[in-house]
**Student:** 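One structure coming up, written as structure tokens, with questions to follow.
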Number of protein chains: 2
Amino acid sequence: MKNFETMSYDELLKEFKGILKANALKFTKQRETILSTLYNNPKHFTSECLYLLVKQKHPELNIGIATVYRTLSLLEENGLVSSISLGAQGKKFEIANKPHHDHLICSECGKIVEFENEQIERLQQQIAEENGFILTDHLMQLYGICSECQKKKEDGD
Amino acid sequence: MKNFETMSYDELLKEFKGILKANALKFTKQRETILSTLYNNPKHFTSECLYLLVKQKHPELNIGIATVYRTLSLLEENGLVSSISLGAQGKKFEIANKPHHDHLICSECGKIVEFENEQIERLQQQIAEENGFILTDHLMQLYGICSECQKKKEDGD
DNA sequence: ACCTTTTTGATAGTGATATTCATATCTTAC
DNA sequence: GTAAGATATGAATATCACTATCAAAAAGGT
């Protein structure tokens, strides 16, 4: 898979158009708007949340929720967007123009901190090999209480 | 949270009764049967799958799917069972009387291999600390293709 | 601009899980 | 052991996130 790290929006868009052409798919306002919204808001969106934002910022498009789901799947399949499944809080998407990273999540306030650790990645690779697996992906989420919420708790007591 | 590792069934049951009493909940045949079924079948169940097994083994209970969901939630909230969310293949539950472990999952056939790696655990702890978090939990799932599915793919081509 | 193909939004459908409610079952107090 | 008061149950229904369907609209090669 291509590496989209630190790509500018123009480069990303060019990449997207290439993918569309290669698959005989069409470049539409809706698809472009979803991509640019994700690019300009580098945070974690649920499908619903992204739908509401696009609807609000671009009412003339009259975008449908189905298109958001379809486009997110398309983008994810082609590696332009990545997703994480947070149990109760649903599935969240983010633009994949950042280096690979995992997530540290505050159970109290939902704050997400991104991190990256090569040593863990190597160990994961090793574990997969030891079990005869070809590693294709992984999910690592650390849950805890962030410093702010720790303070709040102390004050509360 | 209490540590339920390598607990015998009697101990587990005593623990469960204690939890029920503490919350003014009742000890019922259904709840007991679900706990014992999980204990005696140390594998990963979907709710549906567990429902079918209990229904088959204990037809006299005439258990309802709603009770299975309710009981699994209750057990999970109290740490007696743990779950993992596999995107497409649903949520799976297992009894939590085993040492802590993570999961290596085959994306093709859904096979789950359990593993444990102290070095990764230590690194996770360290990452949380560096970010000012108190680590309470983590989720680590490695996705790949198991050796059997690798063979099948080769034969198919 | 035309013609073919793909995309769209609205709507209905799906599957997993949650809720409702009348009845059944448990626990406690006696 | 039994009655009284509580919670739990199963069946049915509702909900939620997501997917499929379909007629109308838009894209893009010519």
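Letters A, B, ... mirror the listed sequences (proteins, then strands); counts begin at 1. Heavy-atom basis, side chains included; hydrogens, waters and symmetry copies ignored.
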**Student:** When you get a sec, tell me which of dG28(D), dC26(C), dG10(D) is the closest nucleotide to the side chain of I63(B)?
**Tutor:** dG10(D)
**Student:** Here's a test of your reading of the structure: between A24(B) and K55(B), which maps to the more 5' nucleotide of DNA chain D?
**Tutor:** A24(B)
**Student:** Could you report the tightest heavy-atom contact between F133(A) and G144(B), atom names first, then the distance?
**Tutor:** CD2-C, 3.9 Å
**Student:** Which part of the nucleic acid, if any, lies within reach of L61(B) when heavy atoms closer than 4.0 Å are counted: base, sugar-phosphate only, or nothing?
**Tutor:**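 Sugar-phosphate contact only - L61(B) comes under 4.0 Å of backbone atoms but never of a base.
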**Student:** Would you please confirm or rule out a distance under 4.0 Å between OP1 or OP2 of dT8(C) and any side-chain N or O of R31(A)?
**Tutor:**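 R31(A) to dT8(C) OP1/OP2: side-chain N or O found under 4.0 Å.
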**Student:** Could you state the atom-to-atom distance from CD of E76(B) to C1' of dT17(C) in whole Å?
**Tutor:** 13 Å
**Student:** With a cut-off of less than 4.0 Å, is there a side-chain N or O of S47(B) near OP1 or OP2 of dT17(C)?
**Tutor:**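 Checking S47(B) against dT17(C): at least one side-chain N or O falls below 4.0 Å of OP1 or OP2.
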**Student:** In terms of the nearest nucleotide of DNA chain C, which residue is placed more toward the 5' end: S73(B) or V68(A)?
**Tutor:** V68(A)
**Student:** From CZ of F27(A) over to C1' of dA26(D), roughly how many Å is that when rounded to an integer?
**Tutor:** 14 Å
**Student:** Can you tell me the distance, in whole Å, between the CD atom of E60(A) and the P atom of dT8(C)?
**Tutor:**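 About 15 Å, once rounded to whole Å.
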**Student:** Identify whether any heavy atom of I65(A) sits under 4.0 Å from a base atom; if not, whether one sits that close to sugar-phosphate; answer base, sugar-phosphate or nothing.
**Tutor:**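 Since no nucleic acid heavy atom lies under 4.0 Å of I65(A), the category is nothing.
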**Student:** Give R70(B) one of three labels, base, sugar-phosphate or nothing, depending on what nucleic acid heavy atoms sit under 4.0 Å from its own.
**Tutor:** base
**Student:** If you check the Y69(B) side chain, which of dT6(C), dT17(C), dA8(D) turns out closest?
**Tutor:** dT17(C)
**Student:** OP1 or OP2 of dT8(C) sitting under 4.0 Å from any side-chain N/O of K29(A)?
**Tutor:**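 Answer is no, no contact under 4.0 Å.
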**Student:** From CZ of F16(B) over to P of dC26(C), roughly how many Å is that when rounded to an integer?
**Tutor:**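 That distance rounds to 14 Å.
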**Student:** Do we see a donor-acceptor contact under 3.5 Å between the side chains of H44(B) and E94(B)?
**Tutor:**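 Indeed, the side chains of H44(B) and E94(B) share at least one donor-acceptor pair under 3.5 Å.
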**Student:** Looking for any heavy atom pair under 4.0 Å, which part of the strands does K21(B) touch: base, sugar-phosphate only, or nothing?
**Tutor:**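 Here K21(B) touches the backbone only, sparing every base.
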**Student:** Rounding to a whole Å, what distance do you find between F45(A):CZ and dC18(D):C1'?
**Tutor:**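 Those two atoms, CZ and C1', are 19 Å apart.
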**Student:** How many whole angstroms separate atom NE2 of H58(A) from atom P of dT8(C)?
**Tutor:**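 After rounding, the reported distance stands at 15 Å.
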**Student:** Same cluster for M7(A) and F16(A) if Ile/Leu/Val/Met/Phe/Trp/Tyr side chains link at under 4.5 Å?
**Tutor:**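 In one cluster with M7(A): F16(A), yes.
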**Student:** How many Å lie between CD1 on I34(B) and C1' on dT9(D), as a whole number?
**Tutor:** 11 Å
**Student:** A side-chain contact here means heavy atoms from C-beta on lying under 4.5 Å apart; do Y39(B) and L35(B) qualify?
**Tutor:** no
**Student:** Between T67(B) and Q30(B), do the side chains contain an N or O donor and an N or O acceptor separated by less than 3.5 Å?
**Tutor:** no
**Student:** What is the distance, to the nearest angstrom, from the CG atom on L25(A) to the C1' atom on dA26(D)?
**Tutor:**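 After rounding, the gap between these two atoms is 15 Å.
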**Student:** Whether the side chain of K26(B) and the base of dT25(C) hold a donor-acceptor pair under 3.5 Å is what I'd like checked.
**Tutor:** no
**Student:** Looking only at side-chain atoms of A66(A), point me to the closest of dA8(D), dG9(C), dT7(C).
**Tutor:** dG9(C)
**Student:** Does dA8(D) have its OP1 or OP2 closer than 4.0 Å to a side-chain nitrogen or oxygen of T67(B)?
**Tutor:**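 For dA8(D), neither OP1 nor OP2 has a side-chain N or O of T67(B) closer than 4.0 Å.
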**Student:** Give a yes/no answer on whether the side chain of N62(A) brings an N or O atom under 4.0 Å of OP1 or OP2 in dA25(D).
**Tutor:**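 No.
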**Student:** Once hydrogens and angles are ignored, does a donor-acceptor distance under 3.5 Å link the base of dA17(D) to the side chain of K91(A)?
**Tutor:** no
**Student:** Considering only dT8(C), dT9(D), dA26(D), which nucleotide approaches the side chain of Q30(A) most closely?
**Tutor:** dT8(C)
**Student:** Could you tell me which non-hydrogen atom of K26(B) sits nearest to which non-hydrogen atom of R31(B), and how far apart they are?
**Tutor:**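 The answer is O-NH1, 2.8 Å.
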